[in-house]
Amino acid sequence: LGGREFKWKPNALDYQEYELRRNTLFGAPLGRVFRMMGGIMGRLAEDHVSVEAVLQGPCYFNKVIATLEDGYVLAEDDIPMEYQDIVSGVYRVNASEKGGTVSICSWWPRLIKWEGCGYDMGQWLPDAEKMYQDRLANIRCKPEDFPPRTSTKWKQMLKFYSPKSKRVMEPGRKLAEKVLQGFFEALRKECAAAQPYKRQRIR
C-alpha cells in the first residue's frame, strides 16, 4: 500500500482505502485462491469470495502442485507476493526522520507470520474468530489507536499457546502428508492405466 512517513498515524480513510484495494483483488479471478489459503487470508476473503467462485477452478495454472512420474502435472493459480501484501494491508514506514530504514507494518498478519502461530490450527477456530472480530472492531472504531503492526508485534500477539498448538498440530500435518502421498500415487496409477486407451483412440 506504499510508503509512509516517520511517526505516521493512520485514520479511518487509510483503512477504507485498504479495504477497497483488497476487495478489488477478491473480486478478480485470483480471489478464489485467497479463500482457499485458509487462515487469516481465507478469513479476510470469506465475506467477499463465494464457494462457487472457488469451484470454478484455476485460470492461470502458474503454480505446480505436483509432477507425477508419467509427466502429468497438477497445477493451481499462484499469488504474487505484492498481492498478498495488499490483502494483509502492508505499508513501508520510515523508521526515522532521515529515512533510509523502513519498518514493514500491516493491518493483518502476513502469511509468513500466520503460518505456525498459535492460532494456526488447520482450521478456523472460535479463538481465531474472536481475535479477528476484536481487532476489526477496534480498527474501525479508532484506527489511530490500533495501527498496522510490525512483524515483531504480530509475532507477540499471535503466540496464543503456540508450543502447545504445535504439539497438537504436528501429528495431523504428518497424517495429511501421508494421505496426500497416497492420493497422488493412486492418481499416478490411474493415469498410467488410462494412457494405452488414449493412444488407441488417437490411432
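Note: hydrogens, waters and symmetry copies are ignored here, and every other heavy atom, side chains too, is used. Bear in mind that the values here come from a model prediction, so they are computed numbers and not experimental data.
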### Donor-acceptor under 3.5 Å (Tyr18 side chain, Val87 main chain)
yes

#### Entry: Main-chain N/O of Ser96 paired with Asn94 side-chain donor or acceptor, under 3.5 Å
no

Provide the closest heavy-atom pair for [X] versus [Y] in the form atom of the first, atom of the second, distance.
{"X": "Trp114", "Y": "Gly39", "result": "NE1-CA, 3.4 Å"}
{"X": "Pro109", "Y": "Leu158", "result": "CB-CD1, 3.7 Å"}
{"X": "Leu30", "Y": "Pro80", "result": "CD1-CD, 4.4 Å"}
{"X": "Arg135", "Y": "Arg149", "result": "NH1-NE, 3.7 Å"}
{"X": "Ala95", "Y": "Phe6", "result": "O-CE1, 3.2 Å"}
{"X": "Arg32", "Y": "Val49", "result": "CA-CG1, 3.8 Å"}

### Salt-bridge criterion met for Glu19 and Arg140 (N-O under 4.0 Å)
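The answer is yes: the pair qualifies as a salt bridge.
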
### Query
Is Arg92 salt-bridged to Asp85, going by a charged N under 4.0 Å from an acidic O?
yes

Heavy-atom distance under 4.5 Å between the side chains of [X] and [Y], does that happen here?
{"X": "Pro147", "Y": "Cys105", "answer": "no"}
{"X": "Asp14", "Y": "Pro143", "answer": "no"}
{"X": "Arg35", "Y": "Met41", "answer": "no"}
{"X": "Arg110", "Y": "Val90", "answer": "yes"}
{"X": "Tyr91", "Y": "Ile104", "answer": "no"}
{"X": "Gln123", "Y": "Leu125", "answer": "yes"}
{"X": "Asp120", "Y": "Cys117", "answer": "yes"}

### Task
Applying side-chain hydrogen bond (donor to acceptor under 3.5 Å, both in side chains), run through Gln56 and Glu52 and close with a yes or a no.
CA-CA 6 Å; Gln56 287 178 2; Glu52 290 74 18; over 6 Å; no

Indicate, with yes or no, if [Y] and [X] share a hydrophobic cluster defined by side-chain heavy-atom contacts under 4.5 Å among Ile, Leu, Val, Met, Phe, Trp and Tyr.
{"X": "Val93", "Y": "Val102", "value": "no"}
{"X": "Ile139", "Y": "Met131", "value": "yes"}
{"X": "Leu111", "Y": "Trp154", "value": "yes"}
{"X": "Leu25", "Y": "Leu1", "value": "yes"}
{"X": "Met81", "Y": "Phe34", "value": "no"}

### Query
Under 6.0 Å between ring centres, would you say that holds for Trp108 and Tyr132?
yes

### Query
Taking the six-membered ring where the residue is Trp, are the ring centres of Trp107 and Phe146 under 6.0 Å apart?
no

From [X] [atom1] over to [Y] [atom2], what is the distance, rounded to the nearest 0.5 angstrom?
{"X": "Ile86", "Y": "Asn23", "atom1": "CD1", "atom2": "CG", "answer": "12.0 Å"}
{"X": "Lys113", "Y": "Ser106", "atom1": "NZ", "atom2": "OG", "answer": "10.0 Å"}
{"X": "Ile112", "Y": "Lys155", "atom1": "CD1", "atom2": "NZ", "answer": "11.0 Å"}

### Query
Going through the distances and angles, do Asp78 and Tyr83 end up as a side chain to side chain contact (heavy atoms under 4.5 Å, CB included)?
CA-CA 10 Å; Asp78 193 21; Tyr83 289 177; over 6 Å; no

### Message
Parallel, tilted or perpendicular, judged at 30° and 60°: which one describes the rings of His48 and Phe26?
### Response
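Rings of His48 and Phe26: parallel, as their planes differ by under 30°.
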
### Task
Step through the shown structure and confirm whether more than 12 heavy atoms of other residues, nucleotides or ligands are within 6.0 Å of CD on Glu5.
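Atom CD in Glu5 is not crowded, with 12 or fewer foreign heavy atoms closer than 6.0 Å.
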
### Message
Let's go through Glu97 and Lys7 carefully: what are the C-alpha distance in whole Å and the side-chain angles of both, what is the deciding distance for salt bridge (Lys or Arg N to Asp or Glu O under 4.0 Å) to 0.1 Å, and is it a yes or a no?
### Response
CA-CA 8 Å; Glu97 294 181 357; Lys7 292 186 177 181; 5.2 Å; no

